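What follows is one structure encoded as structure tokens, with my remarks underneath.
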Amino acid sequence: MKPVVFADTIGWLNEAKGRRGVVIAGAHGHEDLCSRRFLKLLSDKAAAAGLPTLLFDYPGCGNAVGDHAAPGQVMAWTASIGAAIDRLKRDCGVEDVILAGFRLGALLAPLAAAGRDDVAGLALLAPPGSGKTYVREITAMSRVIDGALAKSGASDATFAEGREAVGFRLSHETLADLSRLDWRRAVAALPHLPMLLIANGQPLAGSEIRDGRTSFEGATIAEFKDYHLLMCDPTANRVPADVVGCWTDWLSDRAVAGAVQRVESLRGREILEGSHYTEEPVVIGQASSICGVLTRPRVSHAAADPVIFLNSGGVPHVGWARGTVEAARELAAAGVASLRIDLPGIGLSDDAASDRLFLYDSSTRLDVSAAIDWMQRAGFAKVELVGTCSGAFQALHTARADRRVRALTMINPLCFAWNSSYALELTAWKAYETSKANRGSQQQIGPA
């Protein structure tokens, strides 16, 4: 993947040589954490079919500048999809794009396609029934999880300016704007486009999509099988093979081969400018590329060792409730640089070797040391490691073997030495999480 920066956000470009591209607009909050690996796989499949593909973060989300408090979030999110289309066309020279939206992205994608003549198809994956339905789901999750935390005293304060669900916040304005969205009406207002609809639940009839006003010939409509297993937890979840196969088959019929227009190569690093920090998205290594973001303070302070953040289980590098992004930017305000990464097999990074254990494998220290090598080439001779859960295990074993690690912070470690009893515990926890998903529960717990 090639990292790019545009419109105050970070994107990840999967390059290919076709004349048609794909832009994927993803989910929000906890759904985003659970689906990043899934969307990365969709991107890989699209690129393999000859369609360059761009994934990105909405303004105020993920690695983007800003936060939940900015006004006009829904409008900004929709505009960012258009900016992603423009960036993909500029970088890869494609003539048009397939626009794919997952969950929140499925609500926004038809709006982003309106008025454009360069959208050649629309894929809506697990769209909420409507904006109102989506807000009700957020409200229910907020009451079940964050409400229980507040009552138990685990939360210091309630969020009065909107809703907080699994630590992710949405303002009252954003919730009201979301509740007005209706992807069916938005689709009905578009010119006829090839369309893939993979619905969470029973497949919808074409008449349901267009409110019965217009026929929907040629659409591919399917069921999003095992959706609940994908969205149960970032670590315990399972990528639905049937959905990936349906996406691949539909997309392969819409690739456009041939030479693209000449594209001027843009040199230089891609830098995201924040108020007190700069951020550079990076790819480390080749065989199992590690995707990450290097944060630097804008103003030089007294020299301090940089921090490398390691994943908590299968949680991508933005962290629970975007906590790793916020921690990196707080460190930058104090003059400390940091690198947050997805180790192989997590988030946007490539798969790890097939003969390795997932998460708890002492050889993960080699991946962490590869990141330290990269930091050394960037001018940092020593580092500190911060790891949560499985990241604590990885940090410990890296520190034991790599003398460039000056300090170590381990949060909520499951174990220091892996054995079969821990394997059994983790396996049982994963089974428990997926069983909760089968029951429709949204509560999140776990050791990873």
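These numbers come from a predicted model, not from an experiment. When reading the values below, keep in mind they use all heavy atoms of this one structure, side chains included, and skip hydrogens, waters and symmetry mates.
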Between R329 and H276, is any pair of side-chain heavy atoms under 4.5 Å apart? yes
Are H317 and N63 close enough that a side-chain donor and a side-chain acceptor fall under 3.5 Å? yes
Looking only at atom types and distance, does a side-chain atom of S142 sit under 3.5 Å from a main-chain N or O of A165, one as donor and one as acceptor? no
Counting C-beta onward and ignoring hydrogens, is there a side-chain heavy-atom pair between L385 and T409 closer than 4.5 Å? no
Would a distance-only check, ignoring hydrogens and angles, find a side-chain to backbone donor-acceptor pair under 3.5 Å from E15 to C92? no
Got M410 and F416 here, is their nearest side-chain heavy-atom distance under 4.5 Å? yes
Polar contact flag, side-chain donor to acceptor under 3.5 angstrom, T295-E279: yes
Can a side-chain donor-acceptor contact be found between T9 and D57 if the only test is distance below 3.5 angstrom? no
Pair R365-Q394, side-chain donor/acceptor within less than 3.5 Å: no
Side chains of N412 and T388: do they bring a donor and an acceptor to under 3.5 Å? no
Is a side-chain donor or acceptor of R184 paired with a backbone partner of G129 at a separation under 3.5 angstrom? yes
Hey, does the side chain of T398 reach the backbone of V368 with a donor-acceptor pair shorter than 3.5 angstrom? no
Steps toward side-chain contact (heavy atoms from CB on, under 4.5 Å) verdict (I341, L310): CA-CA 6 Å; I341 56 175; L310 302 177; 3.9 Å; yes
Side-chain contact, heavy-atom cut-off 4.5 Å: T364 with S390? no
Is R322 reaching over with its side chain to a backbone N or O of G60, donor-acceptor style, under 3.5 angstrom? yes
With side chain to side chain donor-acceptor pair (under 3.5 Å) as the criterion, how do R136 and T139 come out once you've worked through the C-alpha distance, each side chain's angles and the decisive distance to 0.1 Å? CA-CA 5 Å; R136 284 198 297 269; T139 302; over 6 Å; no
Validation row: W77, L104 side chains within 4.5 angstrom (heavy atoms): yes
Just by modelled atom types, is the V5 backbone N or O under 3.5 Å from a matching donor or acceptor in the R87 side chain? yes
